[in-house]
> 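My structure is below; once you've seen it, I'll send some questions.
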Amino acid sequence: MAMATATPAAQNEQQEKGGLEYVYLSGLGNSLSSEAVAGTLPRGQNSPLVCPLGLYAEQLSGTPFTAPRARNLRTWLYRIKPSVTHEPFHPRRPAHPRLIGDFDRTTTDTVATPTQLRWRPADVPPHHPPLDFIDGLYTVCGAGSSFLRHGYAIHMYAANKSMDGCAFCNADGDFLIVPQQGKLLITTECGKLLVPPGEIVVIPQGFRFAVDLPDGPSRGYVSEIFGTHFQLPDLGPIGANGLASARDFLSPTAWFEQVHRPGYTIVQKYGGELFTATQDFSPFNVVAWHGNYVPYKYDLSKFCPFNTVLFDHADPSVNTVLTAPTDKPGVALLDFVIFPPRWLVAENTFRPPYYHRNCMSEFMGLIYGIYEAKADGFLPGGASLHSCMTPHGPDTKTYEATISRPDANEPSRLSGTLAFMFESALIPRVCQWALDSPSRDLDYYQCWIGLKSHFSHDNGGATSEEPCRKH
């Protein structure tokens with residue numbers, strides 16, 4: 001693939017948002033290059049005897065060396081000091097008991113339950129206790145194992161302070177972060193990314209990063225995948241265009257700091273546990289880089305949805321932004337699906353999502369607004385989980401309001417809402433503390449209890465007083 005540089009489109013987008021200091025490279029899956037100091041990228045080879053300006057060459061591999069070329073991911077980093085220069089790792093103390101990387105049934109941290117689950121938004125403490133992104137991160141559910149390189153975890157976070165004097169590195173998998181409240185300013189080894197609510201960011205496995213909170217307290221959602229990486233879904237009959245466009249994904253440009261930082265801490269997540277090592281310099285000392293394994297962000301408002309134009313509600317898979325595939329065609333380890341503002345025009349159709357039992361498991365979150373299938377109780381910053389073959393669908397209020405609308409066949413625009421779903425073929429186990437959380441809505445099931453029978457056939461059929469009998 002061709003080398004890419006910052007495009008005018010990427011720069012103009014930042015001017016519109018007032019973020020002139022953040023210039024990005026556009027394109028997902030491209031081989032990109034960036035240098036903060038001109039002439040620091042080696043020419044004609046990756047690892048010369050002496051790199052320009054005396055930098056160290058270091059490769060970060062996201063796939064095995066022998067992965068097929070089309071799926072091989074790696075980036076070369078040219079840094080002031082190599083990342084190997086640190087003290088030994090030790091278990092972080094105190095431990096972080098609410099981070100899980102292994103969802104085995106023999107553990108006591110997680111349990112299996114087919115019950116529909118919902119949580120209210122978690123409160124973000126304004127000041128105390130101080131929680132940065134690492135300390136504010138907690139696992140809700142997941143499946144598989146980071147050790148076996150297959151599975152996923154779903155976390156949420158609530159943070160009230162920026163990371164100071166430390167960087168986070170996830171050795172277990174990729175993070176897909178969905179801020180719901182408060183911007184994130186994420187410094188990575190490839191540069192900086194400013195991510196407000198309404199955008200997402202993917203930090204691939206192995207990258208060191210730090211999260212600052214320019215707007216103050218922040219909360220949101222995180223999905224983590226083990227053993228694979230996110231990619232754009234195939235479009236099939238849709239054709240060449242639509243859904244998320246590769247050019248709208250933005251990666252950072254090179255940025256570095258050359259400062260003496262005694263006691264700087266690297267926090268490494270490994271097997272679901274946290275370990276720390278100290279060094280005397282910032283890990284963000286990469287002056288130049290090139291490759292196709294980089295962090296990236298995406299503005300969800302740029303998603304181009306496809307929709308029903310005659311009858312019946314489309315399957316939610318048509319709204320997939322990113323997918324992490326398995327080796328079975330069409331079966332996802334994890335899909336990231338959104339439900340954005342759009343026109344509804346289907347005729348003689350129940351337009352909200354239909355009642356459903358699914359072999360996939362669905363974790364939903366709400367960034368803002370009201371979700372079209374839940375008139376009450378599902379709040380921005382909250383979440384719900386409907387596991388494999390557990391029935392779910394619109395609540396009573398939504399159903400009754402929809403079928404009684406006099407203009408049900410008129411076009412209408414769904415606006416002021418943005419919901420999303422993490423969907424997986426693997427059955428999740430739920431963390432015990434999530435089940436015991438005071439944020440859990442123990443009355444969630446009651447949103448369907450009011451659904452009544454509208455059956456009107458009365459010619460010889462059974463009634464509630466006279467059960468049907470075979471003769």
Side-chain angles (χ1 to χ4, degrees), residues 116 118 120-121 180 197-198 235-239 241-244 299-321 335-358 360 362-384 386 390-421 423 441 443-459 461:
Q116 302 98 334
R118 185 164 71 184
R120 292 179 291 272
Q180 185 272 323
L235 294 180
I238 291 175
N241 306 293
L243 307 189
D299 182 344
L300 298 176
S301 69
K302 296 184 179 298
F303 187 79
C304 178
F306 277 63
N307 206 346
T308 301
V309 294
L310 189 57
F311 61 86
D312 287 352
H313 180 92
D315 294 334
S317 50
V318 78
N319 289 322
T320 300
V321 179
D335 280 338
F336 174 63
V337 180
I338 65 170
F339 304 96
R342 60 199 184 277
W343 280 95
L344 305 176
V345 299
E347 298 175 359
N348 195 30
T349 290
F350 185 80
R351 290 176 178 173
Y354 43 78
Y355 293 101
H356 191 203
R357 288 179 294 164
N358 192 354
M360 306 284 277
E362 304 173 4
F363 179 96
M364 287 199 63
L366 185 59
I367 300 173
Y368 60 81
I370 298 174
Y371 176 53
E372 59 185 309
K374 296 292 189 298
D376 293 316
F378 188 43
L379 304 174
S384 66
H386 304 131
T390 294
H392 54 281
D395 59 21
T396 302
K397 186 175 180 179
T398 300
Y399 182 84
E400 294 293 339
T402 300
I403 65 172
S404 61
R405 283 186 59 180
D407 59 346
N409 281 326
E410 295 297 318
S412 63
R413 194 174 194 279
L414 186 66
S415 60
T417 179
L418 183 57
F420 73 88
M421 179 169 67
E423 185 176 56
D441 182 357
D443 295 328
Y444 181 32
Y445 72 97
Q446 293 190 10
C447 77
W448 296 289
I449 294 298
L451 288 168
K452 59 186 179 182
S453 172
H454 291 272
F455 186 59
S456 59
H457 182 66
D458 57 2
N459 295 323

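Being a predicted model, the structure only gives us computed values, none of them experimental. Numbering starts at 1 and runs along the sequence shown.
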> Going by the rule side-chain hydrogen bond (donor to acceptor under 3.5 Å, both in side chains), which residues pair with Thr398 if we only count those two or more places apart in sequence or in a different chain?
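With sequence neighbours excluded, Thr398 shows a side-chain hydrogen bond (donor to acceptor under 3.5 Å, both in side chains) to Asp395, given in chain and number order.
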> Would you say the side-chain atoms of Asn409 pair up with the backbone N or O of Asn348, donor to acceptor, closer than 3.5 Å?
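Judged by distance alone, yes, a pair lies under 3.5 Å.
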> Name all pairs fulfilling the salt bridge (charged side-chain N to carboxylate O under 4.0 Å, His left out) condition that reach into residues 310-319, sequence neighbours left out, sorted by first residue then second.
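Sorted pair list comes back empty.
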> Between Thr390 and His386, is there a donor-acceptor pair closer than 3.5 Å when you use the side chain of the first and the backbone of the second?
no
> Between Thr320 and Val337 (side chain of the first, backbone of the second, donor and acceptor by atom type, cut-off under 3.5 Å), is there such a pair?
no
> Can you name the closest pair of heavy atoms from Ala419 and Met364 and give their distance?
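Between these two residues, the closest heavy atoms are CB-CE, 4.2 Å.
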> Could you pull out all residues at least two apart from Ser317 that satisfy side-chain hydrogen bond (donor to acceptor under 3.5 Å, both in side chains)?
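Applying side-chain hydrogen bond (donor to acceptor under 3.5 Å, both in side chains) to Ser317 gives none.
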> To the closest 0.5 Å, what do you measure between CZ (Phe303) and CG (Asn319)?
5.0 Å
> About how many Å separate CE of Met421 and CG of Asp335, when rounded to the nearest 0.5 Å?
7.5 Å
> What is the distance from atom NE2 of His313 to atom CG of Leu344, rounded to the nearest 0.5 Å?
9.0 Å
> Parallel, tilted or perpendicular: which one describes the rings of His454 and Tyr399, with boundaries at 30° and 60°?
tilted
> Run Lys374 and Tyr444 through side-chain contact (heavy atoms from CB on, under 4.5 Å) and show every step you take.
CA-CA 11 Å; Lys374 296 292 189 298; Tyr444 181 32; 3.4 Å; yes
> Just so I know, are the side chains of Arg357 and Pro391 near enough to count as touching, which here means a heavy-atom distance under 4.5 Å?
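When only atoms from C-beta onward are counted, Pro391 and Arg357 do touch, with a gap below 4.5 Å.
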> Restricting to non-hydrogen atoms, name the atom on Ala346 and the atom on Thr308 that form the minimum distance, rounded to 0.1 Å.
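Between these two residues, the closest heavy atoms are CB-CG2, 3.9 Å.
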> Look at the side chain of Gln116 and the backbone N and O of Tyr445, then say whether any donor-acceptor pair between them is shorter than 3.5 Å.
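Side chain of Gln116 to backbone of Tyr445: no pair is present.
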> Can you give me the closest heavy-atom contact between Ser384 and Phe378, atom names plus distance?
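Residues Ser384 and Phe378, closest heavy atoms: N-CE1, 4.0 Å.
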> Examine distances only and state if a side-chain atom of Trp343 and a backbone atom of Asn307 form a donor-acceptor pair shorter than 3.5 Å.
no
> Between Lys397 and Ala375, what is the shortest heavy-atom contact and its length?
CD-CB, 3.8 Å
> Could you pull out all donor-acceptor pairs under 3.5 Å where a side-chain atom in residues 365-373 meets a protein atom, sequence neighbours excluded?
from	atom 1	to	atom 2	distance (Å)
Glu372	OE2	Arg342	NH2	2.5

> Give every residue pair that meets the salt bridge (charged side-chain N to carboxylate O under 4.0 Å, His left out) criterion with at least one member in residues 401-418, sequence neighbours excluded.
Arg405-Asp407
> Output the distance between atom SG (Cys447) and atom CZ (Arg118), rounded to the nearest 0.5 Å.
5.5 Å
> Tell me the closest heavy-atom pair linking Pro411 and Val345, and the distance in Å.
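Where Pro411 meets Val345 most closely, the heavy atoms are CB-CG1, 4.0 Å.
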> Taking C-beta and beyond as the side chain, do Leu451 and Tyr355 meet within less than 4.5 Å on heavy atoms?
yes
> Please check if atom CG in Asp443 has more than 12 non-hydrogen atoms from other residues, nucleotides or ligands closer than 6.0 Å.
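Atom CG in Asp443 is packed in, count exceeds 12.
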> Check Thr417 against Pro341 and note the closest heavy-atom contact, atom names and distance.
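Heavy atoms only, the tightest pair is O-CD, 3.2 Å.
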> Return the set of residues passing ring-ring contact (aromatic ring centres under 6.0 Å, His included) with His356 (not counting sequence neighbours), or none when no residue passes.
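With sequence neighbours excluded, His356 shows a ring-ring contact (aromatic ring centres under 6.0 Å, His included) to Tyr354, His392, given in chain and number order.
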> Roughly how far, to the nearest 0.5 Å, is the CG atom of Leu243 from the CD1 atom of Ile238?
4.5 Å
> Report the C-alpha separation of Arg351 and Leu414 in whole Å, then their side-chain angles, then the decisive distance to 0.1 Å, and conclude whether the side-chain contact (heavy atoms from CB on, under 4.5 Å) test is met.
CA-CA 11 Å; Arg351 290 176 178 173; Leu414 186 66; over 6 Å; no
